[in-house]
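Below is one structure, written out as structure tokens; the observations come after it.
The basis for the numbers below is simple: all heavy atoms, side chains too, and nothing from hydrogens, waters or symmetry mates. Computed from a predicted model, the values in this text were never measured in an experiment. In what follows, every chain begins at residue 1, and chains take the letters A, B, ... in the order their sequences are listed.
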There are 2 protein chains.
Amino acid sequence: MNNSVTLRDIAKALNISASTVSRALTDSYQIGPETKKKVLAYAKLHHYIPNRMARGLKEGRSRSIGVVVCAIDNSFVAQMLNGIDKFYTEQGYQIIIMQSKELYEQEKACIDLLYAGGIDGLLISPSYQTTDFSYLNELQSAGLPIVLFDRLSDGINTHKVAADHLKGAYQATQHLINNGYKAIAHINSNTQLNMATARFEGYKKALTNAGLPIKNDLIKFFDTTNLTVLNKNLELAIHELMSLKEKPDAIFTATDSLTIRCLILLKQMKYSIPKDVALIGFSNTDLAQALSPPLSTINQPAFEIGRLAAEKLLLLINSKNSEPFETLLLATELQERDSTLMR
Amino acid sequence: MNNSVTLRDIAKALNISASTVSRALTDSYQIGPETKKKVLAYAKLHHYIPNRMARGLKEGRSRSIGVVVCAIDNSFVAQMLNGIDKFYTEQGYQIIIMQSKELYEQEKACIDLLYAGGIDGLLISPSYQTTDFSYLNELQSAGLPIVLFDRLSDGINTHKVAADHLKGAYQATQHLINNGYKAIAHINSNTQLNMATARFEGYKKALTNAGLPIKNDLIKFFDTTNLTVLNKNLELAIHELMSLKEKPDAIFTATDSLTIRCLILLKQMKYSIPKDVALIGFSNTDLAQALSPPLSTINQPAFEIGRLAAEKLLLLINSKNSEPFETLLLATELQERDSTLMR
DNA sequence: AAATCTTACTAAAACGATTTATTAAAATAT
DNA sequence: ATATTTTAATAAATCGTTTTAGTAAGATTT
């Protein structure tokens with residue numbers, strides 16, 4: 001902690017009371033203009049910084065926000081965090097980031113720690129494992145403002161901000177159909193979160209609208225929690241898909257890590273993309289264009305999701321009058337590249 | 001803030017004093033065993049959580065650590081943050097991450113905010129622009145424990161943790177030489193930080209040791225602060241290099257973003273890698289194998305750098321006896337892939 | 001000129017935990 | 001039986017800020 005000047009130091013030096021100094025610094029009407037000037041000048045000269053702990057204790061809040069994400073070293077997450085960070089830095093709030101690593105128990109542990117740390121609000125993108133939201137509901141009832149972002153659920157009623165997963169998936173599938181692909185496989189996470197089902201819905205809707213059949217043996221769901229297990233299962237699945245009598249001519253992958261892993265596996269298995277099979281997926285990496293082949297992607301407005309969620313939470317914190325909760329779904333963007341070239 | 005149980009609530013409920021409760025919870029010898037048992041039971045039952053602000057105020061510290069990095073949405077940085085976060089979560093500390101965006105002024109602003117927020121220590125990876133360390137020296141003199149990580153400088157005397165840039169660069173260059181490349185270009189950032197010069201030194205040392213000449217027209221330094229400007233200059237430079245009479249048969253790029261940008265530009269200009277020119281660089285992306293061609297890289301132990309720096313800082317915070325400052329240089333790892341295939 | 005209202009300030013309490021100094025009671029030593 | 005030590009507790013101060021409740025002195029009203 002900094003051993004800096006305190007209110008009392010200023011008060012003593014100027015021969016006035018601490019309360020006067022406090023009021024002068026907040027430009028209160030109760031303080032005369034010359035006194036204000038004196039105090040401000042002294043405070044500036046001696047680099048007075050109000051003690052965050054003392055203020056927090058008195059005001060009953062910490063001006064810090066807890067943020068729980070699956071992992072910090074994931075480029076999409078990092079982009080969202082960037083948006084969150086930018087907003088709160090502007091607002092004089094601190095953020096405390098914690099990682100669930102896609103584990104429900106660890107997520108609870110993170111939230112406990114954050115709550116114990118005295119956060120003013122919680123921003124959470126739930127883990128893939130999370131199905132039980134009673135925990136969050138309890139905290140909400142206890143008065144903790146909570147906003148869900150990126151990964152939504154009906155398990156809790158509050159503000160929610162995410163990409164429009166259904167439309168994004170529709171966009172991707174539609175794009176494949178437009179480019180002449182007809183047997184489109186779908187690879188998704190088996191999480192209970194809305195995200196996965198919404199993306200699956202978008203896929204089915206695009207197929208149906210184009211008059212194409214929905215074939216169950218082209219649809220695969222995986223436990224994406226354990227990465228080594230996932231990689232094995234994925235390899236098996238791709239093998240299975242490509243050995244089908246009516247094998248897919250395109251794959252739509254529903255998450256960032258699935259997309260990248262599929263690309264790597266397909267290359268390892270010496271399939272040519274898009275000649276043997278086209279590939280498109282949700283992915284926010286700026287390296288998509290440098291991949292081989294350059295990868296068509298559905299991009300989510302990561303920064304914007306973070307920023308809007310942060311705004312919503314601050315609103316929630318500052319207004320005790322409960323406005324109705326909103327769900328914001330932001331548009332995704334299709335990036336056409338070589339991995340889905342026209343048939 | 002949570003409206004939870006306080007020490008006084010417990011005291012009142014059990015008809016004892018607040019100080020007794022406090023002591024019982026810290027297992028003080030001054031409290032009898034039954035009293036301790038009673039207090040602990042009550043505290044557990046009612047989910048007592050000590051108020052962080054109150055404790056911080058009393059103890060004169062916040063148990064929070066400031067971390068300043070160039071940008072959070074950079075995969076290498078995110079990996080280091082992961083290491084830092086893991087350690088401090090275990091230790092019951094919070095971290096507050098701020099971004100300099102490679103700008104000296106913004107870096108100062110971040111540090112100001114963190115200092116004002118009452119951090120117990122500062123972990124900093126300076127921006128490329130930073131040449132003046134007097135600011136950090138002042139804070140250090142004012143009693144703030146500081147540890148430098150990832151990007152080091154002689155501008156301040158303290159604990160420092162980073163990859164061994166010189167050896168890493170030597171490793172890369174040596175690898176190219178071993179694989180039959182002779183005209184090796186070097187592209188680097190023009191920052192004043194040790195990192196850049198160390199990598200340049202490693203490059204020169206490897207050439208010299210192999211009896212190869214150091215040619216100035218194969219060596220380029222860039223302002224890596226502004227990305228759009230950088231991209232233009234880089235394009236020009238590659239053009240220039242490849243138009244030389246004695247053009248390079250390999251390029252060693254000294255930073256993550258330079259490596260990726262060069263790869264993209266070379267592909268755009270239709271150069272074949274490694275046939276026309278080989279490419280190796282510092283880069284920590286796990287997508288290296290999925291790039292086209294799979295990219296040979298020098299990997300830094302990012303997680304470990306973060307973790308060790310965090311440990312060093314906590315040591316500094318907790319021990320007021322000043323041990324001598326250490327500089328830890330961690331070994332890098334060569335990942336051989338197709339972009340540097342044997343000639 | 002007395003009563004009321006502003007203006008500009010201050011003293012003291014409060015926030016919740018820790019800690020120093022104190023004390024009463026019990027146990028041990030002389 | 002008295003002196004001394006140990007044990008187990010407590011009251012009160014403290015950290016640095018904000019805020020409630022006052023209070024003089026001067027200005028304004030009646």
Partner residues of B/A41 under the side chain to side chain contact (heavy atoms under 4.5 Å, CB included) criterion, sequence neighbours left out: none

Among C/dG16, C/dT10, C/dA8, the one nearest B/N51 by side-chain distance: C/dG16

Residue pairs passing the side chain to side chain donor-acceptor pair (under 3.5 Å) test where at least one lies in residues 143-154 of chain B, sequence neighbours excluded: B/E102-B/R151, B/S125-B/D150

B/S/- contact track for nucleotides 19-25 of chain C, protein heavy atom under 4.0 Å: BBB----

Side chain to side chain contact (heavy atoms under 4.5 Å, CB included) partners for A/A78, two or more places apart: B/D73

Interatomic distance, B/R8 CZ vs C/dC15 P [rounded to whole Å]: 8 Å

Range on DNA chain D touched by chain B - first to last nucleotide, heavy-atom distance under 4.0 Å: D/dA8 to D/dG16

Compile the donor-acceptor pairs under 3.5 Å between side chains in residues 141-148 of chain A and protein atoms, sequence neighbours left out, one pair per line.
| residue | atom | partner | partner atom | Å |
| --- | --- | --- | --- | --- |
| A/S141 | OG | A/N137 | O | 2.8 |

Residue pair B/V39 / B/I16, side-chain heavy-atom distance below 4.5 Å: yes

Side chain to side chain donor-acceptor pair (under 3.5 Å) evaluation trace for B/E107 with B/T130: CA-CA 8 Å; B/E107 183 171 287; B/T130 305; 2.9 Å; yes

Sequence-distant partners of A/K58, side chain to side chain contact (heavy atoms under 4.5 Å, CB included), two or more places apart: none

Distance test, side-chain N/O of B/Y48 to OP1/OP2 of C/dG16, below 4.0 Å: no

Side chain to side chain donor-acceptor pair (under 3.5 Å): pairs with one or both residues in residues 36-49 of chain A, sequence neighbours excluded: A/D27-A/K36

Listed partners of A/S17 passing side chain to side chain contact (heavy atoms under 4.5 Å, CB included), at least two apart: A/S19, A/T20

Sugar-phosphate only, base, or nothing, as touched by A/I31 at under 4.0 Å among non-hydrogen atoms: sugar-phosphate

Rounded distance (Å) that lies between atom C1' of C/dT10 and atom CG of A/L7: 14 Å

Atom-pair distance (CG on B/D27; C1' on C/dT18), nearest Å: 16 Å

Sugar-phosphate, base or nothing in reach of B/T35, heavy atoms under 4.0 Å: sugar-phosphate

For DNA chain C, the residues among residues 88-96 of chain A that have a non-hydrogen atom under 4.0 Å from it: none

Given DNA chain D, 5'-ward residue of the pair B/A54 and B/Y29, judged by closest heavy atom: B/Y29

side-chain hydrogen bond (donor to acceptor under 3.5 Å, both in side chains) partners of A/K12, counting only residues at least two apart: none

A/S17 vs C/dT10: side-chain N/O to OP1/OP2 distance below 4.0 Å: yes

Using distance only, find each side-chain donor-acceptor pair of residues 302-316 of chain A under 3.5 Å and give its atom names and separation, not counting sequence neighbours.
| residue | atom | partner | partner atom | Å |
| --- | --- | --- | --- | --- |
| A/R307 | NH2 | A/E90 | OE1 | 3.2 |
| A/K312 | NZ | A/E326 | OE1 | 2.5 |

